[in-house]
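Below is one structure, written out as structure tokens; the observations come after it.
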Amino acid sequence: MNLLDILIAIPAIGFLLALALPRSNDRLIRLFTLIVSLVTFAVSLGLVSGYQFGQTGRQFVSDAIWISSPEIHWHVGIDGLSLWLIILSTFLTPISILISWRYITSRTKEFYAFLLLLECGLIGVFASWDLFLFYVFWEIVLVPMYFLIGIWGHDRRIYAAVKFFLYTMAGSVLMLAAIIYLYTLSGTFDYAAILDQLNSGRIVLGHTQETLLFLAFFIAFAIKVPLFPLHTWLPDAHVEAPSAGSVMLASVMLKMGTYGLLRFCVPMFPAAARENAPWINILAIVGIIYGALVAMVQPNMKKLVAYSSVSHLGFVVLGIFSFTQLGLDGAVYQMLNHGISTGALFVLVGFLYERRHSLAISDYGGVATVAPWLSTIFLITTLASIGLPMLNNFVGEFMVLQGAAQANFTWSIFAAIGVILSACYMLWMVQRVFFGSTSEEVAHHIPDFNAREWACVIPLIAMMLWMGVYSQSFIPQISETNARILDTSRMNVPLRVSNPGTLAANHGGFGHAR
Amino acid sequence: MPANYFPAANDYLRFAPELILTIGGTLMMILDPLFARKLPRMFGHLSILLLIVAIAGAAGAYTVPGHAFSDLLVVDGFATFFRVLVLSIGILAVLSSYKYLDRERAETGEYHALLLFSIVGQCVMVSANDLIMIFIGLEISSIATYILAGYLRDDKRNNEAALKYFLLGSFATGFLLYGIAIIYGITATTKLDEIRGAISNPATPLGMVGVAAALMIVGLGFKISGAPFQMWAPDVYQGAPAPVSAFMATGPKAAAFAIFLRIFMTSFQQIAADWAPFIWISALLSMTIGNFAALTQNNLKRMLAYSSIAHAGYILVALASRSGDGTAAAMFYLAAYALMNIGAFAVVIHISGRGERHLRIEDLAGLGQRQPLTAAMLTIFLLSLIGVPLTGGFFGKFYIFRAALESNLVWLTVLGLLNSAVAAYYYLRLLVVMYMYEPGEVANSLSSPGFGLSAALILPAIGTFILGVAPNVILNFARNSSSFGK
């Protein structure tokens, strides 16, 4: 048992214990799960302090045989890529519990228990070093989220929950087929061993074989990201989910997709990844612009934020498939940034909903007059989300654009349009919600923050500033891992996968991060 | 012909489960008029006791593996696996019958005796080493099940189910018998291993063997409700008493699959390349028809019937991969399937009420709030039927599709897995209704499940979970016995 095992075990045990608590005592259940999630967060910080910088390979490895034949291992470990995503999960779970404190009134026990199960699954996804184990956690995550949306969601919750489940399921069965197929080729589920066999040429994949395997993984992850045009489950799921569900969904679960792309698709099938990068990046850019344009016309705040996620995640995909150090670093950093800032937006929209019981932008107006603090915090979050310097998203977006420019300048130009559009839709929403004349209902129903709500937003704002001002705390670990991913996926194909004759200038080799 | 007409003592030991159940069942018929009114529940208790003793007998028989009664029977790992499986299914069926029979005021010794006889037939089937024994076992099992399907004589639906099942079933048995006759005509033997030997003889006309195999596929395809011979299943499962449907969908099906596997993986193994394409088509048809038809069902029993057709399709995938791993995967899946399906049927029995009035999916509304434990059990079964990790159903699918990929059945695997994503939709509907709808009239007026039904819920749930976390317990045994001692 090392720290990572314990970290996965705590929420799992918490889940079981929470189910055993008396149904009637809501307060006890809430406190219990909050404490469990805080302990989990505290333990997860141990990963940061114990992380050995500069040590190649994975750390906190725990490897034991789970099933002897076919050999399936409980093999977990972390590297710079997993590290921050795990911290993101453990950081946001207590916040999700806190924001549900008053909002969730029915079937409290199940709600909080499911949040803990979700946390356990998420940590497991990011820590798994065995493809089979990864798949198990990947599917486990699905179940609590399905119930969170379906039971505690808004009006069209059932439609959204089922759509969410089926979309993900359809993608993941293809991934399962690919995982089993890889097993029949390599005789192991161990990720590192498979990667080693692929890289050293002990398994030689034919062109069609590699493309199909790549696509099987890619579709599963692209649905989760979600990449245009597979994104249609996302607005429904986000809008219908309770705030805590939206936060966890947007901030962490979408990252499962981009994490998978970076962890599995790119290193295992580098040739296919590079070959398919042009159209993938075009879809990413379409997603960036399309998401932004659709967000602009949304009358519903949650839907607006949901479509903005489609747009933001397009940047991440673009960064990954630029195959530049800078692009990859930016993509991973952007995963974290999006987790913090969009998570914060969903938290704040949730606070507004709890007060006014409406998500329609037109039901608000002049909130700044009655709730100045709420408005200030919302504005800071908005500015972070649209990429204002000094705040977190700026760093990530800048790196992605720079990395994409190194690969193909045209991509950057189109992607940059998305940045401008994000300012349009976000600021326009802020203007309509917080400024203008204050209606009777707004004045009457919208008080400012209470202590619990402060406790939710302060860590988020602090993280936005920290990640925006001193990205050096986070990027070295990311960069180190990415360098290794790039190295294993280095191919004898030209860096630029685009047509020659574009504006792009090949900077030669891989850009130097930082 | 053996010199000694009296079989050795070990032969009786190898036949122990069948002997115990036959004697017990006959005894019950005699006791019926004496105790039916005074102690209606006694027969259930007695059945469970007999079945437990029979399991012990099956385990005892496995201590002296080998052939019995002039090679008519064989006790090997495969036979023992399926004997224990059908006997355990029998226990669960009896447990889930208590409340039902009580509700319908139909508790008799006859019901339990028939159930025991049906299980005897299945035990004979799975341990038979001779086509004639297989046929006898199949008939013992089928005839008892025909009667059970029409057990409530005054119920129209029961009568319809029994008649349909009987007519189509005997028709299918005819096909099987015709196949057996042709084989006997060609090879002059009905012993499975001797047929195998005869087929490898170049003088044997393989064309006629193929015809016989095709006829047997038809007959067995009916018994396992594999497409395109699945038509009877929805009507029969819907019409028969719910505990009997639960039993039919698991016990006779597992035994039929056992003989399917034994015949085709021993006798016909050399011509596997010829029959495998038909199994391939049947597997795909069963999965697709079962899953897509289940999407539109509103009757719980009918939906589970279509789902059982789809699951037969998954198991046929294992057969189509025609390898030892495939056989082991099919065995594992049958065990996992039996648990999750009986569990799901137990919930149906629980909510259906007297006369099975509440069988619509909406009748589950709000079960999650009114009886959270029952709902949690059904959730486990449904997740297992979908194939979510940490349940037996997931590992079952995993092993089947792994075997299929190892035999290069890539497209069947992809189509099968996509099918399981389609299936998720109709299983999720039950979860939706159960947890996301406000409690309806049925959930509000539901009594507690009672001891028998609770056990029929909790035991399979525990089993499903164990198979999902430590599948090796079963799988290693299945794998060791999947070679049929060849």
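In this text the structure is predicted, and so the values were computed from the model without any measurement. Chain A is the first sequence line, chain B the second, and so forth, proteins listed ahead of strands; every chain is numbered from 1. We use all heavy atoms of the structure for the numbers below, so side chains are in, but hydrogens, waters and symmetry mates are not.
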- Any side-chain heavy atom of B:Val414 within less than 4.5 Å of one from A:Leu174? yes

- Does any non-hydrogen side-chain atom of B:Leu405 lie less than 4.5 Å from one of A:Tyr183? no

- Message: Counting heavy-atom pairs closer than 4.5 Å to chain B, which one of A:Leu142, A:Val143, A:Val173 comes out on top?
- Response: A:Val173

- Message: Nearest 0.5 Å, please: how far is CG in A:Leu176 from CZ in B:Phe398?
- Response: 7.0 Å

- Task: Taking the side chain as every heavy atom from C-beta outward, state whether A:Phe147 and B:Leu431 have any atom pair closer than 4.5 Å.
- Result: yes

- Proximity breakdown for B:Val432 and chain A, heavy-atom pairs closer than 4.5 Å: both

- Where on B:Phe395 is there a heavy atom nearer than 4.5 Å to chain A: the side chain, the backbone, both, or neither? side chain

- Atom CD of A:Glu139 and atom CG of B:Leu383: how far apart are they, to the nearest 0.5 Å? 10.5 Å

- Message: So for A:Trp138, is it side chain, backbone, both, or neither that comes closer than 4.5 Å to the heavy atoms of chain B?
- Response: neither

- Task: Please flag which part of B:Ile386 lies under 4.5 Å from any non-hydrogen atom of chain A: side chain, backbone, both or neither.
- Result: both

- Min side-chain heavy-atom separation B:Gln369-A:Ser106 under 4.5 Å: no

- Take A:Phe132 and B:Phe394 through the test ring-ring contact (aromatic ring centres under 6.0 Å, His included) and record every step on the way to the result. CA-CA 12 Å; A:Phe132 192 92; B:Phe394 169 69; 5.6 Å; yes

- Query: Side chain, backbone, both or neither: which part of A:Ile72 has an atom under 4.5 Å from a heavy atom of chain B?
  - Reply: side chain

- Report, as yes or no, whether the 6.0 Å neighbourhood of atom OH on B:Tyr425 holds more than 12 heavy atoms from other residues, nucleotides or ligands. no

- Message: Do B:Leu390 and A:Ile140 have side chains that approach each other closer than 4.5 Å (heavy atoms only, starting at C-beta)?
- Response: yes

- Item | Part of B:Asp325 lying under 4.5 Å from any heavy atom of chain A | neither

- Task: Heavy-atom distances under 4.5 Å only: say whether A:Ile151 touches chain B with side chain, backbone, both or neither.
- Result: both

- Could you tell me the separation between the CE atom of B:Met436 and the CZ atom of A:Arg157, rounded to the nearest 0.5 Å? 8.0 Å

- Note on the structure: All heavy atoms of A:Ala177 vs all of B:Leu417, minimum pair found to be CB-CD1, 3.5 Å

- Message: Determine whether a donor-acceptor pair (N or O, by modelled atom type, separation under 3.5 Å) exists between the side chain of A:Trp66 and the backbone of B:Val469.
- Response: yes

- If you measure from CZ on B:Arg429 to CD1 on A:Ile158, what distance do you get to the nearest 0.5 Å? 11.5 Å

- Item | Largest heavy-atom contact set with chain B, pairs under 4.5 Å, which of A:Val162, A:Leu166, A:Ile179, A:Leu212 | A:Leu166

- Task: Could you pull out the closest heavy-atom pair between B:Leu428 and A:Tyr146, with the gap in Å?
- Result: O-OH, 3.3 Å

- Checking B:Val410 against chain A: side chain, backbone, both or neither under 4.5 Å from a heavy atom? side chain

- Message: Please check if the number of heavy atoms outside B:Glu441 that lie under 6.0 Å from its CD is greater than 12.
- Response: no

- Item | Residue pair A:Ala170 / B:Ala421: nearest heavy atoms and the distance that separates them | CA-CB, 3.9 Å

